[in-house]
Amino acid sequence: MTAPSGRRPSAGALLAVAVYAFLYAPLIVLVAFSFNRARLAARWEGFTLEWYAVALRDQHVLAALRNSVIIALATTVLATAAGTAAALAFHRLRLRAQGTWDALVVVPLVLPEIVLAASLVLLFAAMGLRLGFFTVVLAHVAFSLSYAIVVVRARLAGFDRSLEEAAMDLGASPLRTLRHVTLPLIAPGILAAALLVFSVSIDDYVVTSFVAGVGATTLPLHIYSMVRSGLSPEINADSTVLLTATVLLLFAAWRLEQGRRPRQVAVPMGLGLSLLGAPFLLAPVPLTGADRQLNVYIWSNYIAPETVRRFEQRHHVRVNVDVYDSNEALIAKMQSGNVDYDVICPSTYTVQSLVAQGLLRALDFSALPHLSNVDPRFLGRRHDPGNRYSVPYFWGTTGIAYRQSRVGTVDSWGALWDARFRGRILMLDDARETLGAALKWKGLSVNTTDPASLALAQRALVAQRPLVRAYNSSNFEDVLLSGDVWLAQGWNGQFARAMAQDADIHYVVPREGSMLFLDSLAVPRGAPHPALAHAFLDYVMEAEVAAEICRTMQYSTPNRAALALLPASIRDNPAIFPSADVVARTEIIEDIGAATVLYDRLWTEVKTSR
Ligand code: N2P
């Protein structure tokens, strides 16, 4: 036998490489694609810094980053001060059952974040605190305090108490001893704790998403909401900046813990902090007071940033736009009670349910002169007779978009159950829409509350599940465009935009009939800025603005005055404005009261079936 050659990598080394590759490959891809010219992230099309420029110009990203930094700074000061005091106390006091107390300090570090998040929301609600900046800082202090205590205590472990005793023997008061002896000796530990707290605060998502409320959108929350309204390479650039800043700060903290002097970590620390300082220089928008702000909660892909920006300029206000992808998400937010939205966009059945729960504010028509632009066909409907609470914003159809070269011509819901297309089908992630599609396919009403009909629809969806690639209500048109699926259930506007980009994509409202939606703008009962909310409602009903919204989003506008301003390519596009006979075979989803629970249960069962 020959001795193993030294040059051959051992199995251990290969395994280590595999582990590191597994750990870091996604990050490397993310960073690399932040420099990729291609808009659709799938393939490399050459180097560019364009996405960083886009991110730097994006006022919403900059504002979110600024919120993140302010929250992280406040958290750092509070948690580090309290953590240092606690660590000193622990070090001095010899407590009974010391081990238990020590353990209790570290428990929050290993507690599932979601548990902490839910308990904080409950606590804040019990205390009557409104969700906002303040609650985010409190929550961040709550989860980062343990880090601070642990890091400062580690430093104190090697601390020689006789130095403090010597100082006091020489006549120094306890306070002077603290200032001139103790703190300088443990300063690297305190700084390391501060950096660690800062970095856990700056990129927290789970806890923040529970306690943020409006106006306290941090960068991680903003990035997530961008992901939901469509992937863009700008997100890679944002994430790379956040990643680089965090790595630099953690590196500095680690070196300090290893005994380096603060001066020796000045470079990584300075670089990390200045990356995060950019928005203070680049976003000239002042931090606006609460009454100069409007909080809009709307469907994703439902309003263009330019439309919002024009309103901001006209009224000298800042508009926060948060997005959702289901009526159920909107209702849950409204019911949680302590959020400050001024304008929301419920569908018909959700208007009914919110009115029934007393969650909407009666509108003041004197502030809505442009309501006269709206086609009377969309007014006074069953969901809100007299439009006391809502004004129509968009309407449209649910249908199927498909790649004709792959699946031929489609005209029935049955195509979504065709086993030949296994793994190439996308369905909306929505109880009423998916059960609705199955009901329509079987010739039943989408508003049925008959248990036998619903059981039939549920069985169909369970049988369909193995064919379905994804349930997606946000960027379903992108999944079709990318070629990942060939058939998708979805809403007309986003499909119309996809069709404009790819002639192989077609849209059909199935012959068995389908769902028609009418989504309205409304003002929640507790809206903090009702006057500005009315100004916004009236603004989007102006003919030019309604036309712009329709042109950019390609959902169907109920604004009669806007029609004349639309190009023929939009006005005559049957995917955007369906013909009367297509409309005649659709049904509007109604509020079905108590049976809603049944729909939700059936749908949850479908998604968890195997
Ligand atoms: C917008 C979806 C349209 C809403 N992303 C259908 N009610």
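We count ligands from 1, going down the list as the structure has it; atoms in each ligand are counted the same way.
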Hey, can you pull the donor-acceptor pairs under 3.5 Å for the side chains in residues 508-516, sequence neighbours left out?
unit_1	atom_1	unit_2	atom_2	d
R511	NH1	D411	OD1	2.9
R511	NH1	D411	OD2	3.4
E512	OE1	W413	N	3.2
E512	OE2	S412	OG	2.5
S514	OG	T398	O	2.6

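In this view, T409 and Q404 satisfy the side chain to side chain donor-acceptor pair (under 3.5 Å) rule, not counting sequence neighbours.
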Below 3.5 Å only, please: the N or O atoms of ligand 1 paired with protein N or O atoms, distance on each line.
unit_1	atom_1	unit_2	atom_2	d
ligand 1	5 (N)	S300	O	2.5
ligand 1	5 (N)	Q494	OE1	2.9
ligand 1	7 (N)	D519	OD1	3.4
ligand 1	7 (N)	D519	OD2	2.9

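Residue pairs satisfying the salt bridge (charged side-chain N to carboxylate O under 4.0 Å, His left out) criterion with at least one member in residues 528-545, sequence neighbours excluded, are listed as follows: R314-E542.
For F577 against W395, the heavy-atom pair with the smallest separation is CD2-CZ2, 4.2 Å.
Tested against D484 for a side-chain contact (heavy atoms from CB on, under 4.5 Å), the candidates L426, D478, V479 yield a single pass: V479.
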Walk me through it: do L521 and I344 pass the test side-chain contact (heavy atoms from CB on, under 4.5 Å)? CA-CA 6 Å; L521 295 183; I344 56 174; over 6 Å; no

